[in-house]
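All remarks here apply to the structure that follows.
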Amino acid sequence: MSFLNELNSKQQEAVKTVEGPVMVVAGPGSGKTRVLTYRIAYLISIGVPAYRILALTFTNKAASEMKERIHKLVGEKSRQLWMGTFHSVFARILRVECEKLEYQKNFSIYDETDSLSMIKTCMESLSISSQQYHPRAIRSRISSAKNQLISVQEYADRSLDIFEQKTSAVYSDYQKRLKQNNAMDFDDLLLKPLELFKSDKKVLDKYHEYFRFILVDEYQDTNRVQYALINSLASKYKNICVVGDDAQSIYAFRGADIKNILDFRRDYPEVTTFRLEQNYRSTTTILSAADYLIKHNVDQISKNLWTDNPAGDAITVLSCEDDRDEGARIVSQIFEQSNKLKIDLKDIAITYRTNAQSRSLEEALRKNSIPYVIVGGIEFYQRKEVKDTLAYLRLLVNPQDNEGFLRIANYPTRGLGDAALQRLQSFAAERQLSLLVAAQHTVEIEGLSKKAKHGLLMLSTLLRKYNELKNEVSASELSRSLVDELGILRSFKEEGTVEALSRWENVQELLSAISEFTSEHENAALEDFLQEVSLVSAVDDLDGNRNAVTLMTLHSAKGLEYPVVFIAGLEEGLLPLYSTVLERKELEEERRLCYVGITRAMQKLYLTHARTRYRFGDVSYQSPSRFLEEIPKECIEIVESKIFYPSRAYTGVPKQVNTRIKRSNDAEYHTDVMPDYDSKECVVNGVKVGMMVEHVVFGRGKVLSLAGSGDSLKAVVEFTLVGRKNLLLKYAKLNII
DNA sequence: ATTAGGCGATTTTTT
DNA sequence: ATCGCCTAAT
């Protein structure tokens with residue numbers, strides 16, 4: 001077991017303590033993944049069969065990387081490991097056991113969109129106005145109830161106000177319909193196995209023997225259901241190892257519960273706890289900034305993080321005028337990093353709080369021809385054309401999938417509108433039929449128009465045909481011929497627009513993904529593919545080999561590291577994000593999110609904030625985040641920006657003058673001027689009536705009117721402090737704010 | 001009754 | 001970018 005020498009003594013202990021419950025509290029960059037990896041390799045090398053080990057990770061990517069590393073350490077034996085995300089592992093188990101739950105093994109998995117659309121269906125059938133009650137709000141209540149193990153009955157009993165009563169009714173109908181559709185949502189993938197383990201001791205016992213050793217990564221982000229699940233699996237042999245960092249818990253909004261860490265100690269009093277506090281990732285400067293920041297949280301397990309790494313560069317704070325300036329200056333820093341410091345683009349990540357922020361950053365990168373990859377955002381499998389195509393396949397695999405049926409019934413259009421589908425649904429409901437089967441009885445349905453009847457007939461013939469074809473040809477042939485017959489690709493081609501072209505590409509890509517899947521997995525059925533795709537996350541297909549800058553949300557960045565990291569938009573309201581009221585707990589989660597971002601950086605960290613930014617279609621004034629104040633001044637260097645550029649419509653790169661101010665006692669100034677700077681031009685053209693501007697001498701004011709043109713363009717400005725002034729724009733330096 | 005097309009609102013984070 | 005809601009055309 002020579003590989004153990006690659007670990008420090010604490011890590012070694014954590015690896016070698018294989019019996020009994022173990023908790024590893026590990027700071028960022030302390031080799032948490034390493035410990036998990038080596039622990040599994042160690043177990044295998046002392047003779048534990050790989051199939052007796054269950055390792056749960058947060059993303060599929062983390063799982064496959066870990067698997068690869070274990071394979072390098074112990075070879076082929078690692079193949080049979082049970083490793084993956086909670087959802088994918090238990091979906092796999094459910095495929096085997098679901099008949100005990102009165103589900104069929106071709107069940108569909110509903111993602112959030114599918115689930116929301118079913119909530120709407122439920123609300124409609126219960127005559128609950130979706131104007132009055134937001135389907136999303138109801139969905140989120142139901143999901144959080146499920147994650148807290150509150151049953152339909154319990155929820156009904158304890159619902160107090162009218163909203164909860166409505167939710168309760170929807171909850172009940174929703175669960176009923178899921179079952180009818182032979183479908184499960186994400187929550188069910190965990191809840192159902194738990195139900196099964198509770199009700200069927202035999203099954204539980206089988207899995208007790210299966211999973212003699214259980215390991216859980218990112219334990220701080222598990223919710224109650226996940227807790228209960230691993231608890232029930234580990235209850236017999238108690239060989240359970242959880243690894244996590246309370247300071248990196250960022251999923252409370254999804255039901256993750258830090259209490260799980262505390263309860264772990266209560267449920268396993270004999271637990272051995274290891275603390276990994278040495279950081280191997282970041283410079284001293286970055287680590288201490290992170291540490292100071294997180295110490296502002298009340299809720300935390302105190303840790304003493306330290307590192308042998310050098311101090312490194314100061315953290316650079318870019319104070320920007322607006323979001324475009326922010327993008328432009330991030331780009332210029334990327335140039336500096338990649339040209340002067342020879343950093344690869346793939347070693348640079350730009351992170352942000354909300355997906356919406358990526359737009360202005362992408363623009364800046366594109367304008368400067370910097371290649372980038374974006375994690376998440378509008379995900380491939382969320383695209384309408386992809387979901388529609390998948391819905392057909394889903395329906396072929398699971399004929400009871402009414403949600404899938406409704407999705408494709410009129411795609412492409414067959415003259416089946418709301419009314420016709422309503423008729424079909426009530427016909428089906430009366431006879432307890434699935435929509436697909438009901439559609440075979442077209443002629444018996446009353447009140448359908450000729451057009452609708454025709455359309456329904458076409459649809460059911462088509463589905464019947466492919467249902468038979470399914471058993472004869474491979475999954476990839478089937479989908480190709482289906483797409484072909486539907487004319488999906490053809491119609492996009494004909495449309496000829498840029499959007500249609502991208503849709504065309506997406507459907508093509510989906511088809512290749514299916515082909516690839518079938519060639520990689522022998523005898524792969526369509527349902528295997530569908531299960532796989534419904535559980536992939538954005539981070540999973542992050543390809544680290546392409547030489548491109550990575551853009552992603554702070555949430556997606558968890559578990560990753562990059563030599564150079566930017567965190568954009570450190571502004572009040574954005575990071576921390578204000579949702580409604582910012583309670584202490586919510587604020588602390590935002591702070592942890594910022595902490596996660598900071599600790600992704602190995603060598604160089606940039607924090608940016610803008611004074612104004614486009615938000616919800618309007619310009620909003622932003623003040624710097626409190627988190628910037630919470631980082632010690634010694635760690636940071638602030639680079640102010642003085643930019644002059646005319647208007648949002650201006651498409652060039654903003655011209656700028658940077659003034660570097662070292663934030664210390666002996667301030668050190670140096671300016672660097674960007675080339676071909678032409679302030680007059682910019683200022684004159686940009687000013688418009690109604691704008692707020694700033695004058696070097698007169699301060700802030702509002703533009704009341706403009707007169708003249710070219711060099712003699714004059715403006716009347718009402719200044720807050722000195723009143724009305726008439727200015728010749730050629731000479732007056734006005735900053736637009 | 002159905003569809004296409006336009007307009008406005010909406011986006012916190014995600015397995 | 002997508003969805004819901006509206007209107008006009010068929």
Side-chain angles (χ1 to χ4, degrees), chain A residues 56-63 84-91 109-113 115-117 120 130-131 134-136 140 143 147 185-190 217-218 221-223 225-226 249-256 351-359 375-379 381-385 387-388 410-423 447-455 498-499 502-503 506 534-540 552-558 569 573-580 582 586 589-590 592-594 596-597 614-618:
Chain A
L56 298 163
T57 58
F58 198 70
T59 61
N60 291 305
K61 179 170 181 265
T85 62
F86 272 93
H87 290 87
S88 61
V89 165
F90 287 100
I109 297 172
Y110 283 1
D111 69 12
E112 207 141 316
T113 319
S115 139
L116 186 65
S117 107
K120 285 177 193 158
S130 58
Q131 302 277 4
H134 271 276
R136 303 173 121 251
S140 110
S143 174
N147 279 314
D185 65 12
F186 282 157
D187 302 325
D188 285 337
L189 290 180
L190 307 179
D217 194 10
E218 307 283 9
D221 286 319
T222 53
N223 64 27
V225 178
Q226 292 167 327
S249 158
I250 52 176
Y251 282 97
F253 74 93
R254 206 173 75 190
T351 64
Y352 37 79
R353 177 66 239 262
T354 66
N355 279 311
Q357 285 167 261
S358 77
R359 212 207 69 245
V375 178
I378 328 114
E379 281 167 63
Y381 288 107
Q382 297 291 336
R383 306 294 282 267
K384 189 181 176 304
E385 61 278 15
K387 283 213 76 162
D388 287 338
N410 202 29
Y411 173 86
T413 52
R414 312 185 162 84
L416 292 171
D418 264 357
L421 292 176
Q422 281 300 337
R423 293 238 158 72
L448 286 183
S449 73
K450 215 171 184 180
K451 206 158 73 173
K453 268 193 177 153
H454 178 71
V498 188
E499 292 84 18
S502 120
R503 288 173 193 280
N506 287 333
S534 49
L535 297 174
V536 294
S537 78
V539 184
D540 292 339
M552 65 193 144
T553 63
L554 288 162
H555 282 89
S556 303
K558 191 173 75 152
L574 196 54
L575 182 62
L577 186 81
Y578 301 159
S579 39
T580 40
L582 205 56
E586 292 166 341
E589 178 144 317
E590 295 292 314
R592 289 194 295 270
L593 200 48
C594 187
V596 166
Y614 260 101
R615 284 246 270 162
F616 312 114
D618 261 328

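What you see is a predicted model; the values in this text were computed from it and never measured.
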Which whole-number value in Å describes the distance from [X] [atom1] to [N] [atom2]?
X	N	atom1	atom2	answer
A:L421	B:dA1	CG	C1'	12 Å
A:N147	B:dT15	CG	C1'	10 Å
A:R136	B:dT11	CZ	P	5 Å
A:E112	C:dT2	CD	P	17 Å
A:N355	C:dT2	CG	C1'	14 Å
A:L116	B:dT10	CG	P	15 Å
A:H134	C:dG4	NE2	P	12 Å
A:R359	B:dT10	CZ	P	18 Å

Nucleotide nearest [X] when distance is taken to its side chain, options [options]:
X	options	result
A:T553	B:dT2, B:dT14, B:dT15	B:dT14
A:N410	B:dT12, B:dA1, B:dT3	B:dT3
A:A452	B:dA1, B:dT2, C:dT2	B:dT2
A:A420	B:dT12, B:dT2, B:dT14	B:dT2

According to a strict under-4.0 Å criterion, is [X] in side-chain N/O contact with OP1 or OP2 of [N]?
X	N	result
A:T413	B:dT2	no
A:N223	B:dT15	no
A:S556	B:dT14	yes
A:K450	B:dA1	no
A:N60	B:dT15	no

Contact check, side chains of [X] and [Y], non-hydrogen atoms, under 4.5 Å:
X	Y	result
A:D221	A:F58	yes
A:Q382	A:D111	yes
A:R592	A:S249	yes
A:T113	A:L116	no
A:F90	A:Q226	no

What nucleic acid atoms does [X] come within less than 4.0 Å of, heavy atoms only: base, sugar-phosphate, or nothing?
X	result
A:L554	nothing
A:S449	nothing
A:A419	sugar-phosphate
A:D111	nothing
A:E589	nothing
A:K120	sugar-phosphate

I want to confirm an ordering. Mapping A:R503 and A:S130 to their closest nucleotides on DNA chain C, which one lands closer to the 5' end?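 The residue closer to the strand's 5' end, by nearest nucleotide, is A:R503.
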Using heavy-atom distances to pick each residue's nearest nucleotide on DNA chain C, tell me which of A:E385 and A:K451 is more 5'.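 The residue mapped nearer the 5' terminus is A:E385.
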Answer yes or no as to whether B:dT15 has its base stacked against A:F86, where stacking requires a ring-centre separation under 5.5 angstrom and planes under 30 degrees apart.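 It does not: the ring fails the test against the base of B:dT15.
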Closest-nucleotide 5' rank along DNA chain B - winner of A:L535 and A:D418: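 The answer here is A:D418.
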Taking side-chain contact (heavy atoms from CB on, under 4.5 Å) as the criterion, tell me which of A:L554, A:T351, A:I250 meets it with A:V596.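 Single pass found, and it is A:I250.
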Could you tell me how the ring of A:F253 sits relative to the ring of A:H555: parallel (under 30°), tilted (30 to 60°) or perpendicular (over 60°)?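 Rings of A:F253 and A:H555: perpendicular, as their planes differ by over 60°.
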